[in-house]
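In the text below, chain A, chain B and the rest are named by the order of the sequence lines, each starting its count at 1.
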2 protein chains.
Amino acid sequence: MDIQPLLYYISNYVTLTPEEEDFLREHVIVRKYLKGQYVLQQGDVCKVSSFILKGCTKMFYIDKDGQEHIIMLSVEDWWTSDIASFIEQQPADFNIQCLEDTEMAQFQYSNIDHIFEKVPKLERLLRKVTERGLAAAQKRIIRNFSMTAKERYLYFRKTYPKIEQRIPQYMVASYLGITKEFLSKIKGQLALED
Amino acid sequence: MDIQPLLYYISNYVTLTPEEEDFLREHVIVRKYLKGQYVLQQGDVCKVSSFILKGCTKMFYIDKDGQEHIIMLSVEDWWTSDIASFIEQQPADFNIQCLEDTEMAQFQYSNIDHIFEKVPKLERLLRKVTERGLAAAQKRIIRNFSMTAKERYLYFRKTYPKIEQRIPQYMVASYLGITKEFLSKIKGQLALED
DNA sequence: ACTAGATGTTAAACTAGTTTAACTTGATTT
DNA sequence: AAATCAAGTTAAACTAGTTTAACATCTAGT
């Protein structure tokens, strides 16, 4: 597959010349993963920042009791990486695993400075994407504090209607920070209400 | 006050020439606030991104029940802004208020593109700062899901030992996402344990 | 068609954290 | 010195969400 979705995505932020597009094409790795494959495992260093061309991934953390907590569910046109591990090149706290067969366009840590130097617009792009990510993370922290589990579920359903259909319900529960049993109960309640 | 703390902070990320430092000095606003003053109010557009030279602020959200939730406590050498409002120039969801007399060096939205154009290193700086912020926010989401209130309090105390002394306990509770009564109980338990 | 494994449901017992409300302590003002 | 106000404590009643465990449903593979 071509990186066309990435080029289209980039065009929402900055305008690249044909030469810059070619440069990008040459410096980005397109990689395919099968459902279930890991893009990153807790403890390894995150060497790439990945843009999803097609497919779906979860980023999750295994806590000291062995429980899985999903930080992020990503589909087409989203980025995924353990950013702390990527920027510091330290062992990752998080895992990234494909929930479907997935194709990604990957920026490598090893040449990202070179890419930014040659095409400063891409640094601007990454800054903007990261700013949006931070804004979203802050709002998520607030939602987790100020909304009940039911309210968070309804927000999730409204905001990401397409993601819910693609993944098992227990992963939605994990993303919402509740048990699968409690989400099941919430869905039961909602079914009665309508 | 001079922007020396900002220049020192920047030197940890990028190296500015004397000319670039002068340019920065001319394009940053140094502003003083008294304890209790608002830097930003919910509903207003966030026009500046502020680096704290001296003092302490809280960024918080008032939910539909009138309850205050603290997203961020910032002291010297930290940044504070409602980043969603700043990048989109949309009404802010958050308030920023000074908990002590505070001095800030402020980047204005109106000339930030100009600053980045003249000194691309500052765009690099802001990208890196934002990346760290995002990494920290993701880890905070995980802590809120995988740790008990007591564990979160101990983590806070260990990680930001100096902040706790500067602010009232009920704000620590709000930052941790619990009631002041429950934090009081936790502290009682910890006092017995030692 | 049958089995196994993964996903989802239900319900009862439980617990972490909230709510309410009364009280204490300390700082500030008059 | 009294009065007021903000901050912190304590305890009982409560509730949102967890835990455990048994059962139901759905696939995919043989």
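When distances run from any side-chain atom of B:Ser184 to the nucleotides D:dG17, D:dT9, C:dG17, the shortest one goes to D:dT9. Among D:dG17, C:dT9, C:dT7, the nucleotide with an atom closest to any side-chain atom of A:Tyr170 is C:dT7. The nucleotide whose nearest atom lies closest to any side-chain atom of A:Pro168 is, among C:dG8, D:dT18, D:dT19, C:dG8. Of the listed nucleotides (D:dA16, C:dT10, D:dA11), C:dT10 has the atom at the smallest distance from the side chain of A:Glu181. Distances were taken from every side-chain heavy atom of B:Ala149 (C-beta onward) to each of C:dG17, D:dT20, C:dG8; the shortest belongs to C:dG17.
In this structure, NZ of B:Lys187 is placed 15 Å from C1' of D:dT10, rounded to the nearest angstrom. C:dT7 atom P lies 15 Å from atom CG of A:Leu183, rounded to whole Å. Put simply, CZ on B:Phe182 is 14 Å from C1' on D:dT15, counting in whole angstrom units. In this structure, the CD atom of A:Gln189 is 12 Å from the P atom of C:dA11, given to the nearest Å. Between the P atom of D:dT15 and the NZ atom of A:Lys150 lies a distance of 15 Å, rounded to the nearest Å. Rounded to a whole Å, the NZ atom of B:Lys185 is 10 Å from the P atom of C:dG17. Computed from coordinates, the B:Ile178 CD1 to D:dA16 C1' distance equals 16 Å when rounded to whole Å. We find that CZ of A:Phe145 is positioned 10 Å from P of C:dT18, with the value rounded to whole Å.
Partner A:Gln97 forms a side chain to side chain contact (heavy atoms under 4.5 Å, CB included) with one of A:Gln41, A:Lys35, A:Lys58 and no other, that one being A:Lys58. No option in B:Lys128, B:Arg127, B:Arg124, B:Glu131 other than B:Arg127 meets the side chain to side chain contact (heavy atoms under 4.5 Å, CB included) test with A:Arg127.
Using modelled atom types, one finds no donor on one side chain facing an acceptor on the other under 3.5 Å when comparing B:Tyr175 with B:Glu164.
Using bins of under 30°, 30° to 60° and over 60° for the plane-to-plane angle, the ring pair A:Phe23/A:His27 lands in the parallel bin.
Counting heavy atoms from C-beta outward, B:Leu40 and B:Asp82 have side chains that approach closer than 4.5 Å.
A close approach under 4.0 Å does occur between a side-chain nitrogen or oxygen of B:Thr179 and OP1 or OP2 of C:dT18. Within the 4.0 Å cut-off from OP1 or OP2 of D:dA16, not a single side-chain nitrogen or oxygen of A:Arg152 is found.
Of the residues in residues 60-70 of chain A, none lies under 4.0 Å from DNA chain D by heavy-atom distance.
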Inset, instruction - Starting from the C-alpha separation in whole Å, work towards a yes-or-no answer on salt bridge (Lys or Arg N to Asp or Glu O under 4.0 Å) for B:Lys54 and B:Asp101. - result: CA-CA 8 Å; B:Lys54 188 165 183 315; B:Asp101 293 355; over 6 Å; no

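Between A:His69 and B:Ser146, the shortest heavy-atom contact is NE2-CB, 3.5 Å.
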